[in-house]
Q: 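Take a look at this one; I'll ask things after.
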Amino acid sequence: MRVDHYDTVILGAGAAGMMCAIHAASRGGRVLVVDHAKAPGEKIRISGGGRCNFTNIGARAENFISGNRHFAKSALGRYTPRDFLNLVEKHGIPWHEKTLGQLFCDRSAKDIIEMLLTEMKQAGAELRLRTTLEKIEKTDSGFSLTLGGDWPGAISTRNFVVACGGKSIPKMGATGFGYQLAERFGLTVTETRPALVPLTFGEDVLAGFREIAGISANATVASSKTRFDEAILFTHRGMSGPAILQISSYWRERQPIRISLEPQIDIAARLVEMKREFPRRTVSTALAEILPKRLAAYLARAHGWNGVLGELPDRTLNAIAEALRNWELYPIGTEGYRTAEVTLGGVDTAGLHSKTMETKAVPGLYFIGEVVDVTGWLGGYNFQWAWSSGWAAGTAIAERP
């Protein structure tokens, strides 16, 4: 059987894989990217509502969850959000900044995919889609691969890079294959779970939530010692919105989340003030001046906050405000990988070199992107990890003698 030789084979044509290919091929190395999907960068395409939140200008290691909180510092520090933004601007892609440092394409996420494909082509990297890895073996000179799908055949390669992501959004083709490969070569894989995902609740809570489905509000949401100040959204299945997605990465089963509604407003002072000015106003009507009307009515009814402001002592108004400041809820789970934006956990960083992403035990074997136990916050952080880790591995490969 004819064996085709490459310097580097990358499994996964997503953000990390394509970035790695660009830099691995930059000095003339023969590089091949394979993916079982029918199109490259599918998660890029659907991200950010089709506009791709391609980085966060303030991304740093503190914005990531990992068994080793220092691991991401090297890659993030050497390939920064500004570096990726320079690439975006080089290709003339218009962009804008939303809240909290989040950068989006003005037009379409497809601009980012086309940029990466153009860079890959210019570097000389090859791409084979609808192609599967059927077998891999370690050899004295690297790795022996057997490919299937539309491009079957035998390949030898000096370097093999796993960039096939995690388990999130299986309808896009996500699997746990990268973790299986890690274990196949003796690497440890930490516990994995859905992250940046809506939370679900029992029927006792959902019965009320259905009345306010579609309502959003500003809030601080906390779990244990971690908190986020962003919007929350009530749904027919539970709760979503940026603050909920963020806290889902930290929440664990049988733990409560604590919600402080409209934290920027002194609710107690507002209620006392309205009591003086509008003593005949009901609690529900008063709360509707602070919260969305349907949410105010739901909370007043659920807590039994009846009567008019003028008949309630200030201590009762303070108690109402305190309840809105410390609303404790117990989720029963999440919506799972079906809607999770990322996978928490992955290949244990203890087995990887932080500078190159190469495994310590198997020379020439690399893991990058979501498959690694480095999970970012919502807001462009996970794409930045893809760019930075892909760059780190690709650059290290290109510089190898």
Side-chain angles (χ1 to χ4, degrees), residues 8-21 24 32-37 40-44 64-68 71-72 75 127-138 143 145-149 155 157 159-196 337 340-354 356-362 364-376 382-383 385-390 392-394 397:
T8 304
V9 173
I10 300 167
L11 183 66
M18 288 192 283
M19 177 60 85
C20 182
L32 173 66
V33 181
V34 298
D35 199 303
H36 68 278
E42 283 291 80
K43 281 193 176 180
I44 299 175
F64 293 82
I65 305 169
S66 174
N68 177 357
F71 182 82
L127 174 62
R128 296 184 187 178
L129 299 171
R130 296 189 179 92
T131 302
T132 56
L133 176 65
E134 299 297 325
K135 186 178 181 181
I136 179 170
E137 297 289 343
K138 186 74 178 74
F143 302 87
L145 313 178
T146 302
L147 302 182
I155 287 178
T157 181
N159 306 295
F160 184 69
V161 183
V162 180
C164 52
K167 303 175 184 177
S168 57
I169 318 183
K171 70 177 182 180
M172 305 300 294
T175 69
F177 188 51
Y179 309 130
Q180 296 171 28
L181 287 172
E183 292 172 338
R184 157 84 171 73
F185 285 102
L187 278 76
T188 300
V189 177
T190 69
E191 177 193 3
T192 56
R193 56 186 291 128
L196 301 183
Y337 289 114
E341 296 200 13
V342 291
T343 303
L344 185 69
V347 177
D348 194 337
T349 58
L352 305 176
H353 293 288
S354 62
T356 64
M357 308 304 295
E358 186 177 20
T359 62
K360 296 176 180 178
V362 185
L365 178 63
Y366 299 76
F367 287 83
I368 59 176
E370 186 184 349
V371 74
V372 179
D373 177 29
V374 175
T375 306
N382 288 292
F383 273 128
W385 171 243
W387 313 136
S388 296
S389 62
I397 289 168

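Below, each value reflects all heavy atoms present in this structure, side chains not excepted, and no hydrogens, waters or symmetry copies. Numbering of residues begins at 1 and proceeds along the displayed sequence.
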Q: Does T188 offer a backbone N or O that forms a donor-acceptor pair with the side chain of Y179 under 3.5 Å?
A: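 A pair under 3.5 Å: no.
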Q: Tell me yes or no: between the side chains of E134 and T146, is some donor less than 3.5 Å from an acceptor?
A: no
Q: Before accepting this row, confirm whether a basic side-chain N of the pair E370/K167 lies closer than 4.0 Å to the acidic partner's carboxylate O.
A: no
Q: Can you check side chain to side chain contact (heavy atoms under 4.5 Å, CB included) on L181 and L11, steps first, answer last?
A: CA-CA 11 Å; L181 287 172; L11 183 66; 3.6 Å; yes
Q: Using modelled atom types only, decide if a donor and an acceptor are shared between the side chain of D373 and the backbone of D348 within a distance under 3.5 Å.
A: no
Q: Taking T190 for its side chain and G346 for its backbone only, find out whether a donor-acceptor pair lies under 3.5 Å.
A: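 A pair under 3.5 Å: yes.
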Q: Is any side-chain heavy atom of E42 closer than 4.5 Å to a side-chain heavy atom of I169?
A: no
Q: If I compare all heavy atoms of A13 with all of L129, which pair ends up nearest, and what's the gap?
A: CB-CD2, 4.5 Å
Q: Specify the closest pair of heavy atoms between K138 and F143, including all atoms of both residues, with the distance to one decimal.
A: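 For K138 and F143, the tightest heavy-atom pair comes out as CD-CE2, 3.3 Å.
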Q: To the nearest 0.5 Å, tell me how far L196 CG sits from T375 OG1.
A: 8.0 Å
Q: Could you state the interatomic distance from CZ (F160) to CD1 (I155), rounded to the nearest 0.5 Å?
A: 10.0 Å
Q: Please report the closest heavy-atom contact between E358 and G364, naming both atoms and the distance.
A: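 Nearest heavy atoms, E358 then G364: OE2-N, 2.6 Å.
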Q: Give me the atom names and distance for the closest heavy-atom approach of M357 to S389.
A: CG-O, 3.7 Å
Q: Out of curiosity, L133 CG to H36 NE2, how far, rounded to the nearest 0.5 Å?
A: 12.0 Å
Q: Under the 3.5 angstrom rule, does the side chain of R184 hit a backbone N or O of I136 as a donor-acceptor pair?
A: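 Yes, R184 side chain to I136 backbone: donor-acceptor pair under 3.5 Å.
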Q: Looking only at heavy atoms, which two atoms of C164 and F177 are closest? And how far apart?
A: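 Heavy-atom minimum between the residues: SG-C, 4.4 Å.
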Q: Is T359 reaching over with its side chain to a backbone N or O of V362, donor-acceptor style, under 3.5 angstrom?
A: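 Yes; at least one donor-acceptor contact below 3.5 Å.
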Q: Shortest non-hydrogen contact from S168 to V342?
A: OG-CA, 3.6 Å
Q: Please step through side chain to side chain contact (heavy atoms under 4.5 Å, CB included) for the pair M18 and I44, ending with a clear verdict.
A: CA-CA 11 Å; M18 288 192 283; I44 299 175; 4.1 Å; yes
Q: Under the side chain to side chain contact (heavy atoms under 4.5 Å, CB included) test against L127, which residue among L32, I10, V33 passes?
A: V33
